[in-house]
Amino acid sequence: MELTQNKTSASFIALLARYNEFLKQYIYPLELKAVYGSFKASLPELRALREIAKKEGLFAPHLSKEEGGLGLSLQEFGRISEILGKSPIGHYVFNCQAPDIGNMELMHQFASKELKEKYLKPLQKGEIRSCFAMTEPENAGSNPVHLSTTAVKVGDEYIINGHKWFTSSADGAAFTIVMAITDPENSNPYQRASMILVPLDNPGFKLVRNIPIMGDIGEDYMSHGEVKFINCRVPASNLIGQEGQGFALAQERLGPGRIHHCMRWIGICERAIELMCRRALTRMLDPGKPLASQQTIQNWIAESVASVKASRLMVLATAQKIDEEGAKAAKEDISTIKFFVSDVLMNTLDRAIQVHGGLGITDDTLLSFWYRHERGARIYDGPDEVHKSVLAKRILKQFAGS
């Protein structure tokens, strides 16, 4: 498939420039305070930035024009996601952050009219936040057919019991979408689970803790919750889609989500390369001899830039394929970009930290934050090893018997 790159019109280039300028003017000056200080204490300033984004017509770029967004294709939004990824708070300010963006897409396609009115609309407007409860500490996330959380239908209610963790941004969220087993006896393990919306003011819901990530507990949006559902009762009408569709809906959520993540990772890489270059040019080994004069440093910069360019082309080509043929047709591409770009991300961050020396492992730059929190890129949404194995098996199958 030929990558059309039809998103380079003058108007779209101007739009990208506006997002870049917004980050430089408003977001970069605030990011260290929000990331390393108290995120909750920064919320008034972040909300003020959201209002500016709304006034400038840049808010929620992933949504349709009818829903208050820009009506972009997945490939177009990928380009914007790359820019927003340059700051840890970029996506948050424009209300296109995970896990909310995935929940918006899921509910847009499969939620009832009532759920859309009560939960989706305020989520799209940035009035509330949400979270997604799937991973369980007792079961391997690499094989999600093994779930212990159950949702038993009694009359016109579901009674949910279970234990989840890495329910990102549960702290301060208004609701979660939980993956729970509704048909444990189904012969097809991929039709046993369903997705159900649970308001977090429900007395049967408990936020156990915000999980420390390499020592960083986090708070509010920037946190990963361990949660429990204890005889948690919700109306049966809170079901998303149909019973037994949980895994199918998860796959629908995963395809576009992978594009969002990968383009965000590319944005992180670009910012890390910028930091690396500035440090290399200003750090002197001897008078008049900057770190940038070392061939190893030059190699790291060149290799990082080349890897990021390759990543961008791969991800945008995958986004285009999803736009044109659907996520199912792009399954192999989606697996490929996941492990490829996450590896590029970690290599780039590691090089940038090394160039910074001792400064790189402090919290005086964003590098230590990204190194802690983005190491999970090689784990969540399926471990890289699983994606590599699946891809290799599909490739080998093409040659079997030939």
* Under the salt bridge (Lys or Arg N to Asp or Glu O under 4.0 Å) criterion, do Lys121 and Glu117 qualify, and how do the steps go? -> CA-CA 6 Å; Lys121 285 187 177 180; Glu117 191 67 30; 2.9 Å; yes

* Asked: Looking at His62 versus Phe94, is the centre-to-centre ring distance below 6.0 Å?
  -> no

* **Residue pair Arg79 / Leu316, side-chain heavy-atom distance below 4.5 Å** => yes

* **Modelled atom types, side-chain donor and acceptor of Asp171 and Ser223, under 3.5 Å** => no

* Taking all heavy atoms of Ala34 and all of Ser42, pick out the closest pair and write down the distance. => CA-OG, 3.5 Å

* Validate the cation-pi geometry between Arg129 and Tyr92: distance from NZ or CZ to the six-membered ring centre under 6.0 Å, angle to the ring axis within 45°. => no

* Asked: For Ser342 and Asp384, does a side-chain donor sit closer than 3.5 Å to a side-chain acceptor?
  -> yes

* Identify which one of Asp381, Val386, Asp333 satisfies the side-chain contact (heavy atoms from CB on, under 4.5 Å) criterion when paired with Lys338. => Asp381

* pair Leu70-Glu76: side-chain heavy atoms closer than 4.5 Å -> no

* To do: Show your reasoning for whether salt bridge (Lys or Arg N to Asp or Glu O under 4.0 Å) applies to Lys54 and Glu51.
  => CA-CA 5 Å; Lys54 289 178 182 178; Glu51 291 305 311; 3.5 Å; yes

* To do: State whether Glu274 and Arg278 are salt-bridged, where the test is any N-O pair (Lys NZ or Arg NE/NH1/NH2 against Asp/Glu carboxylate O) under 4.0 Å.
  => yes

* Asked: Looking only at heavy atoms, which two atoms of Ile240 and Leu249 are closest? And how far apart?
  -> O-CD1, 3.5 Å

* To do: Search all heavy atoms of Gln75 against all heavy atoms of Asp323 and return the closest pair with its distance.
  => N-OD2, 3.1 Å

* **Inter-residue atom distance His387.NE2 - Ile334.CD1, 0.5 Å rounding** => 9.5 Å

* Are any of the side-chain heavy atoms of Val355 and Arg283 separated by less than 4.5 Å? -> no

* Cationic N near anionic O, under 4.0 Å, Lys40 to Glu219 -> no

* Please say which of Ile217, Asn210, Ile213 ends up in a side-chain contact (heavy atoms from CB on, under 4.5 Å) with His224. => Ile213

* To do: Please work out which of the three classes, parallel, tilted or perpendicular, describes the rings of Phe39 and Tyr221, given edges at 30° and 60°.
  => tilted

* Asked: Side chains of Tyr36 and Ser368: do they bring a donor and an acceptor to under 3.5 Å?
  -> yes

* To do: Would you indicate whether the side-chain heavy atoms of Ile177 and Met107 approach each other to under 4.5 Å?
  => yes

* Heavy atoms, side chains only, cut-off 4.5 Å: are Val198 and Asn238 in contact? -> no

* Specify the closest pair of heavy atoms between Lys24 and Pro29, including all atoms of both residues, with the distance to one decimal. => O-CD, 3.7 Å

* Asked: So, for Thr182 and Ile196, which heavy atoms are closest and what is the spacing to 0.1 Å?
  -> CG2-CD1, 4.4 Å

* Asked: Strictly by modelled atom types, are Ser64 and Glu67 linked by a side-chain donor-acceptor pair under 3.5 Å?
  -> yes

* Are Lys164 and Phe229 side-chain neighbours, meaning at least one heavy-atom pair lies under 4.5 Å? -> yes

* Have Glu243 and Tyr158 got a donor and an acceptor in their side chains that come within less than 3.5 Å? -> yes

* Do Arg50 side-chain atoms and Gly126 backbone N/O form a donor-acceptor pair below 3.5 Å? -> yes

* Please name the pair of heavy atoms, one in Ala352 and one in Ala272, separated by the smallest distance, quoted to 0.1 Å. => CB-O, 3.8 Å

* Do the ring planes of His261 and Trp265 sit parallel (below 30°), tilted (30 to 60°) or perpendicular (above 60°)? -> parallel

* Do Glu31 and Ser87 have a side chain donor and acceptor closer than 3.5 Å? -> yes

* Asked: Looking at Arg18 and Glu21, does any basic side-chain N land under 4.0 Å from a carboxylate oxygen?
  -> no

